[in-house]
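Notes to accompany the following structure.
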Amino acid sequence: MRDGFNKEMVNIISTFVRQACIAVENHRLLNQAILNERYQEELKIAQRVQKALLPTKLDHPKSFEICAFSNAADEVGGDYYDTFKLDENRYVLIIGDVSGKGTSAAFHMSQMKGVFHSLIQLNLSPSQFMIKANSALSKCLGKNHFITASIFIIDTAEKKNLSLTRRAHSYIAF
């Protein structure tokens, strides 16, 4: 035998090589499917966490109605809203949006909620509230992220007073 392999041996080796290539490709596809399934499970967890961060009930008196709904454009987003009862006659409404989409926006939304819940108890004016929130969040968020938010203080005794502060900047915005 001149080359060491006859035609039948070359065919057998070619068959084994093709089967090995198929097995390697199947292994790669299986690993990709496992990663995709893990990613989908992580997105489902992030969706549940995001929904848990938004209130199921909004604080408000019977003298006015308010409702809210959030539906992320992607699997997970950074929308935030909440209400707080300051005293018998004053309520706070907060609406915010974190730049970007996905799990990082949802994570930043959770930071925003923590800051809001902490600061709201200090009974600050809307502008002072935003200044302190901006200061706190600027330490948490990177320079490529920002938040746009509005805070409303509704006085139900006066039935005409509505204090509003809105901030929107390219870096940590309130």
Side-chain angles (χ1 to χ4, degrees), residues 35-174:
L35 285 175
N36 286 342
E37 187 175 322
R38 186 174 298 143
Y39 175 73
Q40 291 299 321
E41 281 303 311
E42 288 175 4
L43 279 178
K44 286 178 186 174
I45 291 168
Q47 286 172 333
R48 284 194 302 269
V49 168
Q50 180 186 15
K51 286 185 187 213
L53 289 171
L54 295 173
T56 56
K57 181 180 177 273
L58 298 173
D59 287 333
H60 69 282
K62 294 185 187 324
S63 59
F64 70 89
E65 292 184 32
I66 186 170
C67 65
F69 174 76
S70 177
N71 189 18
D74 291 334
E75 289 86 358
V76 184
D79 295 338
Y80 175 69
Y81 58 85
D82 209 342
T83 57
F84 302 94
K85 182 178 181 178
L86 291 174
D87 56 41
E88 278 307 307
N89 298 318
R90 294 184 313 136
Y91 293 81
V92 175
L93 167 64
I94 296 170
I95 302 170
D97 184 23
V98 177
S99 66
K101 302 287 181 226
T103 54
S104 67
F107 176 71
H108 293 317
M109 183 190 70
S110 70
Q111 291 175 311
M112 182 171 70
K113 179 178 181 166
V115 167
F116 285 158
H117 275 267
S118 298
L119 291 177
I120 199 65
Q121 299 177 37
L122 299 177
N123 202 13
L124 303 167
S125 70
S127 60
Q128 281 301 309
F129 181 95
M130 289 297 193
I131 289 167
K132 290 197 178 292
N134 190 53
S135 176
L137 287 167
S138 66
K139 293 172 178 70
C140 301
L141 303 177
K143 292 198 183 281
N144 59 340
H145 291 95
F146 64 94
I147 298 171
T148 301
S150 298
I151 180 169
F152 304 84
I153 297 181
I154 303 163
D155 189 331
T156 59
E158 294 292 320
K159 294 188 180 183
K160 61 181 178 178
N161 286 355
L162 178 72
S163 301
L164 159 69
T165 298
R166 185 177 197 290
R167 302 284 168 98
H169 303 290
S170 59
Y171 176 65
I172 315 299
F174 281 99

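Start at 1 with the first residue, then count along the sequence.
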Is the shortest side-chain heavy-atom distance between Asp59 and Val92 below 4.5 Å?
no
Passes side chain to side chain contact (heavy atoms under 4.5 Å, CB included), Phe116 versus Ile151? Steps please.
CA-CA 10 Å; Phe116 285 158; Ile151 180 169; over 6 Å; no
Met112 CE to Asp79 CG distance, which is reported to the nearest 0.5 Å:
8.5 Å
Side chain to side chain, Phe129 and Ile94, heavy atoms closer than 4.5 Å:
yes
State, to 0.1 Å, how close Tyr81 and Pro55 come at their nearest heavy-atom pair, and which atoms those are.
O-CD, 3.1 Å
Taking all heavy atoms of Leu124 and all of Lys132, pick out the closest pair and write down the distance.
CD1-CD, 3.7 Å
Could you tell me which non-hydrogen atom of Leu58 sits nearest to which non-hydrogen atom of His60, and how far apart they are?
O-ND1, 3.0 Å
Which pairs count as salt bridge (charged side-chain N to carboxylate O under 4.0 Å, His left out) when at least one residue sits in residues 43-52, sequence neighbours excluded?
Glu41-Lys44
In Å and rounded to the nearest 0.5 Å, what is the OG1 to CD distance from Thr156 to Glu88?
8.5 Å
Examine distances only and state if a side-chain atom of Ser135 and a backbone atom of Ile131 form a donor-acceptor pair shorter than 3.5 Å.
no
To the nearest 0.5 Å, how far apart are CD1 in Ile153 and CG in Asn89?
13.0 Å
Side-chain donor or acceptor of Lys113 paired with backbone N/O of Leu53 under 3.5 Å:
yes
State the CZ-CG distance between Phe84 and Asn123, to the nearest 0.5 angstrom.
13.0 Å
4.5 Å side-chain heavy-atom contact, Ser110 and Tyr80
no
Side-chain donor or acceptor of Thr83 paired with backbone N/O of Leu93 under 3.5 Å
no
Applying side-chain hydrogen bond (donor to acceptor under 3.5 Å, both in side chains), can you list everything that pairs with Glu42, at least two apart in sequence or on another chain?
none
